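Here it is, the structure in full.
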Amino acid sequence: ETGVTQTPRHLVMGMTNKKSLKCEQHLGHNAMYWYKQSAKKPLELMFVYSLEERVENNSVPSRFSPECPNSSHLFLHLHTLQPEDSALYLCASSQDQIRNTIYFGEGSWLTVV
Amino acid sequence: DQQVKQNSPSLSVQEGRISILNCDYTNSMFDYFLWYKKYPAEGPTFLISISSIKDKNEDGRFTVFLNKSAKHLSLHIVPSQPGDSAVYFCAASGGGNFNKFYFGSGTKLNVKP
């Protein structure tokens, strides 16, 4: 059982919908991340939060909006997505934000139709 | 431009033999490296790490070797088991002030019984 849980595991949404992905970590970590994995591409870092403060926005389009209300929870709000945004979205956490192993959740499969 | 490369998309090994997975990086500032295993429809699972102050780290059947001068690391699995069949990712980080890891595109390992 992973210490990082993501919901929903699968999501199909239309291009005009608004939806959110949720992540919760039970590891007592201080940093949380969103990664994207598209078909046949390496994992791409999207956002990093450390102690609820965003420390990195890796040139992600504004149709992806992260929210970190506390150190255990992370959301990714989705709005007006494109079909090419269909991918596996992975949440992760680490103890701190420097040179720490990151632990992943099981991912949310997103399909935009 | 990909800073971490896994040039072998797939590897097939007989059960009981050694599996060697390779990873190359281009950024000399990288000083912390991770290996992950990923099964289909699951998030990556952390396997083993190594920092640049070491050239080898061992954990059970898994050993990671780091050659800083060649900017190369490898993961050895001995003996290989059918349950090791998965996609393996290497990741590298360093030179920055937060956990920004760059991932390779993965190597799919098939261990034949």
Side-chain angles (χ1 to χ4, degrees), chain A residues 1-10 21 23-25 27 29-51 53-60 87-110, chain B residues 1-10 21 23-27 29-54 57 59 62 64 66 86-108:
Chain A
E1 184 182 323
T2 177
V4 181
T5 56
Q6 291 186 240
T7 54
R9 294 293 313 279
H10 299 271
L21 305 179
C23 177
E24 183 175 0
Q25 59 97 359
L27 300 169
H29 289 169
N30 294 319
M32 295 187 78
Y33 312 78
W34 280 115
Y35 277 84
K36 174 183 177 183
Q37 185 171 33
S38 305
K40 299 184 180 178
K41 280 187 166 184
L43 279 162
E44 299 172 63
L45 178 66
M46 299 176 74
F47 301 103
V48 181
Y49 276 83
S50 177
L51 296 171
E53 182 181 335
R54 191 191 310 180
V55 296
E56 172 73 355
N57 175 349
N58 203 29
S59 304
V60 179
L88 176 66
Y89 290 85
L90 289 157
C91 175
S93 71
S94 66
Q95 181 62 52
D96 294 297
Q97 67 172 14
I98 298 177
R99 283 181 202 82
N100 268 203
T101 299
I102 50 177
Y103 295 90
F104 287 91
E106 296 194 341
S108 294
W109 286 96
L110 173 66
Chain B
D1 186 33
Q2 237 180 298
Q3 299 193 48
V4 177
K5 292 182 182 178
Q6 293 176 257
N7 291 318
S8 298
S10 63
L21 298 133
C23 180
D24 297 294
Y25 60 96
T26 57
N27 190 336
M29 297 294 289
F30 287 154
D31 59 5
Y32 191 61
F33 305 88
L34 306 173
W35 279 96
Y36 290 85
K37 176 169 76 171
K38 186 179 183 300
Y39 294 118
E42 293 185 12
T45 301
F46 168 69
L47 279 176
I48 193 167
S49 64
I50 189 166
S51 76
S52 59
I53 61 173
K54 290 182 157 187
N57 190 24
D59 184 0
F62 301 93
V64 56
L66 175 62
V87 178
Y88 289 78
F89 294 95
C90 64
S93 137
N97 59 1
F98 60 89
N99 256 0
K100 185 166 184 174
F101 279 94
Y102 294 85
F103 281 79
S105 49
T107 297
K108 185 173 183 180

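These numbers come from a predicted model, not from an experiment.
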If I take atom NZ from residue Lys38(B) and atom CD from residue Glu106(A), how far apart are they, to the nearest 0.5 angstrom?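 Spacing of NZ (Lys38(B)) from CD (Glu106(A)) equals 10.0 Å.
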
Are Phe104(A) and Tyr36(B) an aromatic pair, judged by ring center distance below 6.0 Å?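 Yes; Phe104(A) has its ring centre under 6.0 Å from that of Tyr36(B).
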
Does Val4(B) reach the side chain of Pro42(A), with side-chain heavy atoms less than 4.5 Å apart?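 The answer is no, as the side chains (C-beta and beyond) never meet within the 4.5 Å cut-off.
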
Identify which part of Gln37(A) has an atom lying under 4.5 Å from any heavy atom of chain B, answering side chain, backbone, both or neither.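 For Gln37(A), the contact with chain B is made by the side chain alone.
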
Heavy-atom contact with chain B under 4.5 Å, split by part of Leu43(A):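 Contact with chain B: backbone and side chain both.
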
Using ring centroids (six-membered ring only for Trp), state whether Tyr35(A) and Phe101(B) fall under 6.0 Å.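 Judged by ring-centre distance (under 6.0 Å), Phe101(B) and Tyr35(A) do not meet the cut-off.
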
Rounded to the nearest 0.5 Å, what separation is found between the OG atom of Ser49(B) and the CG atom of Asn100(A)?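 Reported value, rounded in 0.5 Å steps: 10.0 Å.
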
Using the side-chain contact (heavy atoms from CB on, under 4.5 Å) rule, take Tyr32(B) and Thr101(A) through it: C-alpha gap first, then chi angles, then the decisive distance, then the call. CA-CA 9 Å; Tyr32(B) 191 61; Thr101(A) 299; 3.2 Å; yes

